[in-house]
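From a predicted model like this one, the values you see are computed outputs, not experimental measurements. Quick note on labels: first sequence line is chain A, next is B, and so on, each numbered from 1.
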Protein chains: 2
Amino acid sequence: MKLREGVEWAVHCCINLSWISPDRAVPAARLAAFHDLPTAYLNKQMNALGRVGIVASRSGPRGGFRLGREPERITLMDVATAIDGSAQAFLCTGIRHHGPAGTITGPAADRTTCTVAQAFSTAELAWRRQLADRSIAELADTVRRANPAAPDQVRRWFDRP
Amino acid sequence: MKLREGVEWAVHCCINLSWISPDRAVPAARLAAFHDLPTAYLNKQMNALGRVGIVASRSGPRGGFRLGREPERITLMDVATAIDGSAQAFLCTGIRHHGPAGTITGPAADRTTCTVAQAFSTAELAWRRQLADRSIAELADTVRRANPAAPDQVRRWFDRP
DNA sequence: GTCCAGATACTCGGATACCAGCTGTCCGAGTAACTCTGG
DNA sequence: CCAGAGTTACTCGGACAGCTGGTATCCGAGTATCTGGAC
């Protein structure tokens, strides 16, 4: 089980954007430079965030990305889903119906949900819940508490050309 | 985020094996036939289970696989880890130290753990806990409750040549 | 001085290659059962 | 009939391809700004 690398990038970028004046758009190139990431690929990830409204994008000079809504209303689950997709980690292919197993258990199994799939689904739900309970604002606040100067320092770096 | 397909196969096979007399080994070919799976590939997955002791394997005639310990002591986490590996889903690459971000936050960030990584780690822990709480025996029992005849039917199918 | 049209430069967004890792397959090593022969 | 060595057939285990999907890149569409000139 592996999450796409872009999820990490996207979360960090969202935290940084939460510290920048909402009327100021930041180009992907600048976001990438801050963490020394490949510009074009980060741009692709930010596109994904834009498609679901996590960030708002604008083309042209003075264009770039800004948060699409208040950081309190952006959860880690939102970001993870936008980048990594919403497909379940455990995909039940219904092998209990294939081959002799299907003819043995027969129609009795058709009416019940797959026990194995259900167990994994429950676990995944716990994972999703944890991520849905953590907002970008909350994470940004935790970082600020550990390093109070961080927001200002980040804002200043993005302000200067 | 995606789990390898072999995890589903392995869990179903473990449940089936839990219904079969422990002194009877089942060849990979027979296990595969029951669910109409590719024999060689399933064998590969069973190997992985064998390496960590979830199943015991024996070569030659009358050889095959059997459970390596009581099904009560085999958890879904054990199986998932054996097949899919134990690597964390969210791998912190430490981008907050790369580029200008590193020089800005500076050594203050070196002493603290990454907030983002910690949040994802917590979520993943919840997932792991859920899977570690579910044993093969428990799942097999749930299946049996929904279809009391299943264990006998499965045992009989594997007994006849 | 003011307004407007054209040029310009910048940024996103999707289309396009590249590559790692999962999926699937094959063959050799090892082993237990079977067979045949000799006592 | 019994014992033992050789043969046989079976099964695991790891080494070997194929291919899907994530990683990375490039270029075109669109837009706000800037520039120059006319009024």
### Query
Ion pair present between B/Arg156 and B/Asp159, side-chain N to carboxylate O less than 4.0 angstrom?
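No salt bridge links B/Arg156 with B/Asp159.
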### Query
Between B/Arg145 and B/Asp141, is there a salt bridge with N-O shorter than 4.0 Å?
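Here B/Asp141 pairs with B/Arg145 in a salt bridge, since their nearest N and O are under 4.0 Å apart.
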Taking atom [atom2] of [N] as reference, at what distance in whole Å does atom [atom1] of [X] sit?
{"X": "B/Arg30", "N": "D/dC10", "atom1": "CZ", "atom2": "C1'", "answer": "15 Å"}
{"X": "B/Lys44", "N": "C/dT23", "atom1": "NZ", "atom2": "C1'", "answer": "9 Å"}
{"X": "B/Asn43", "N": "C/dG28", "atom1": "CG", "atom2": "C1'", "answer": "14 Å"}
{"X": "A/Leu37", "N": "D/dG22", "atom1": "CG", "atom2": "P", "answer": "19 Å"}
{"X": "B/Met46", "N": "D/dC12", "atom1": "CE", "atom2": "P", "answer": "9 Å"}

Is the distance from OP1 or OP2 of [N] to the nearest side-chain N or O of [X] less than 4.0 Å?
{"X": "A/Asn47", "N": "C/dG13", "value": "yes"}
{"X": "B/Arg58", "N": "C/dG30", "value": "no"}
{"X": "A/Ser57", "N": "C/dG13", "value": "yes"}
{"X": "B/Tyr41", "N": "C/dT23", "value": "yes"}
{"X": "A/Arg4", "N": "D/dG22", "value": "yes"}

Could you give the side-chain donor-acceptor pairs of residues 115-127 of chain A under 3.5 Å, partners two or more places apart or in another chain?
unit_1: A/Gln118; atom_1: OE1; unit_2: A/Thr113; atom_2: OG1; d: 3.4
unit_1: A/Thr122; atom_1: OG1; unit_2: A/Gln118; atom_2: O; d: 2.9
unit_1: A/Glu124; atom_1: OE1; unit_2: A/Ala89; atom_2: N; d: 3.1
unit_1: A/Glu124; atom_1: OE2; unit_2: A/Ala89; atom_2: N; d: 3.0
unit_1: A/Glu124; atom_1: OE2; unit_2: A/Arg128; atom_2: NH1; d: 2.7

### Query
From the list D/dG13, C/dT25, D/dC10, which nucleotide is the closest neighbour of the side chain of B/Pro61?
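From the listed options, D/dC10 comes nearest.
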Under 4.0 Å, counting only non-hydrogen atoms across every strand here, what does [X] touch: a base, just sugar-phosphate, or nothing?
{"X": "A/Ala29", "value": "nothing"}
{"X": "A/Ala25", "value": "nothing"}
{"X": "B/Pro27", "value": "sugar-phosphate"}

### Inter- and intrachain pairs under side chain to side chain donor-acceptor pair (under 3.5 Å), touching residues 38-63 of chain B, at least two apart
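The answer is B/Tyr41-B/Gln45.
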